[in-house]
Amino acid sequence: SRRQRQMCIRDSIYNPATHTWDIAYCYTGRIMRLEARKQDDMIVLTNIDDEKKKWAFVKIEDNTFHWQNVTVKDNGEWLINADLYAVRTR
């Protein structure tokens, strides 16, 4: 069987009215709209269509970052679906 190729396109623009970044993330026939803002020491991206879905850059350093995929529960608690730790190799 042939493997389907997937394309990912991201575009962002700063919104001075809200002091946030408006982001469009496109992949395989879908478009996800996100809003990114600084929240405490994190950068949090919130799904515009489902505000309970978030992606957070918990810690960013020169050569590393820690990222989390989060679902916000009804009580406001963050349920971490995925933790990613990345290190620059070059």
Side-chain angles (χ1 to χ4, degrees):
S1 74
R2 284 179 67 180
R3 295 179 72 171
Q4 182 180 14
R5 291 183 181 223
Q6 297 181 1
M7 181 178 211
C8 172
I9 299 172
R10 291 178 296 272
D11 196 11
S12 61
I13 186 166
Y14 183 70
N15 185 336
T18 60
H19 302 289
T20 62
W21 286 91
D22 295 328
I23 300 169
Y25 181 76
C26 310
Y27 63 98
T28 318
R30 292 182 155 191
I31 297 174
M32 184 183 317
R33 293 181 52 231
L34 305 162
E35 180 181 81
R37 70 174 63 232
K38 186 169 173 38
Q39 183 176 324
D40 300 322
D41 291 333
M42 301 181 292
I43 297 172
V44 178
L45 291 80
T46 301
N47 185 323
I48 297 297
D49 296 324
D50 183 353
E51 293 187 3
K52 290 186 175 191
K53 293 183 181 178
K54 298 183 182 290
W55 294 265
F57 288 91
V58 179
K59 187 172 187 179
I60 301 174
E61 296 182 349
D62 290 341
N63 294 307
T64 63
F65 70 83
H66 175 201
W67 170 91
Q68 293 178 327
N69 174 310
V70 175
T71 301
V72 180
K73 297 163 90 174
D74 289 336
N75 65 3
E77 181 183 348
W78 281 22
L79 173 66
I80 299 169
N81 303 308
D83 258 320
L84 179 103
Y85 295 85
V87 177
R88 185 186 311 258
T89 59
R90 293 185 191 205

Trainee: Can you tell me if Lys54 and Thr46 form a side-chain donor-acceptor pair at under 3.5 Å?
Mentor: yes

Trainee: With a 4.5 Å limit on heavy-atom distance, are the side chains of Ile60 and Trp67 in contact?
Mentor: no

Trainee: So, taking the atom named NZ in Lys53 and the one named CG in Asn69, what distance separates them when rounded to the nearest 0.5 Å?
Mentor: 9.0 Å

Trainee: Tell me whether Tyr25 is reachable from Phe65 by hopping between hydrophobic residues (I, L, V, M, F, W, Y) whose side-chain heavy atoms are closer than 4.5 Å.
Mentor: yes

Trainee: Going from CD1 on Ile23 to CD1 on Ile13, what distance comes out if it is rounded to the nearest 0.5 angstrom?
Mentor: 11.5 Å

Trainee: Can you pull out every ring pair (Phe, Tyr, Trp, His ring centres under 6.0 Å) where at least one residue sits in residues 68-90? Sequence neighbours excluded, please.
Mentor: His66-Tyr85

Trainee: First locate atom OG1 of Thr64, then atom NZ of Lys59, and finally report the distance between them rounded to the nearest 0.5 Å.
Mentor: 7.0 Å

Trainee: Compile the donor-acceptor pairs under 3.5 Å between side chains in residues 36-43 and protein atoms, sequence neighbours left out, one pair per line.
Mentor:
from	atom 1	to	atom 2	distance (Å)
Arg37	NH2	Glu35	OE1	3.0
Lys38	NZ	Asp40	O	2.9

Trainee: Check whether more than 12 heavy atoms from other residues, nucleotides or ligands sit under 6.0 Å from atom CG of Asn75, and answer yes or no.
Mentor: yes

Trainee: Between Arg88 and Asp62, does any NZ, NE, NH1 or NH2 come within less than 4.0 Å of an OD or OE carboxylate oxygen?
Mentor: no

Trainee: So do Leu34 and Asn47 actually touch side chain to side chain, heavy atoms under 4.5 Å?
Mentor: yes

Trainee: Heavy-atom distance under 4.5 Å between the side chains of His19 and Tyr14, does that happen here?
Mentor: yes

Trainee: Any side-chain heavy atom of Phe57 within less than 4.5 Å of one from Leu45?
Mentor: yes

Trainee: Around Leu79, counting heavy atoms of other residues, nucleotides and ligands shown, do more than 12 lie under 6.0 Å from its CG?
Mentor: yes

Trainee: Same hydrophobic cluster for Trp55 and Val58, using side-chain heavy-atom links shorter than 4.5 Å among ILVMFWY?
Mentor: no

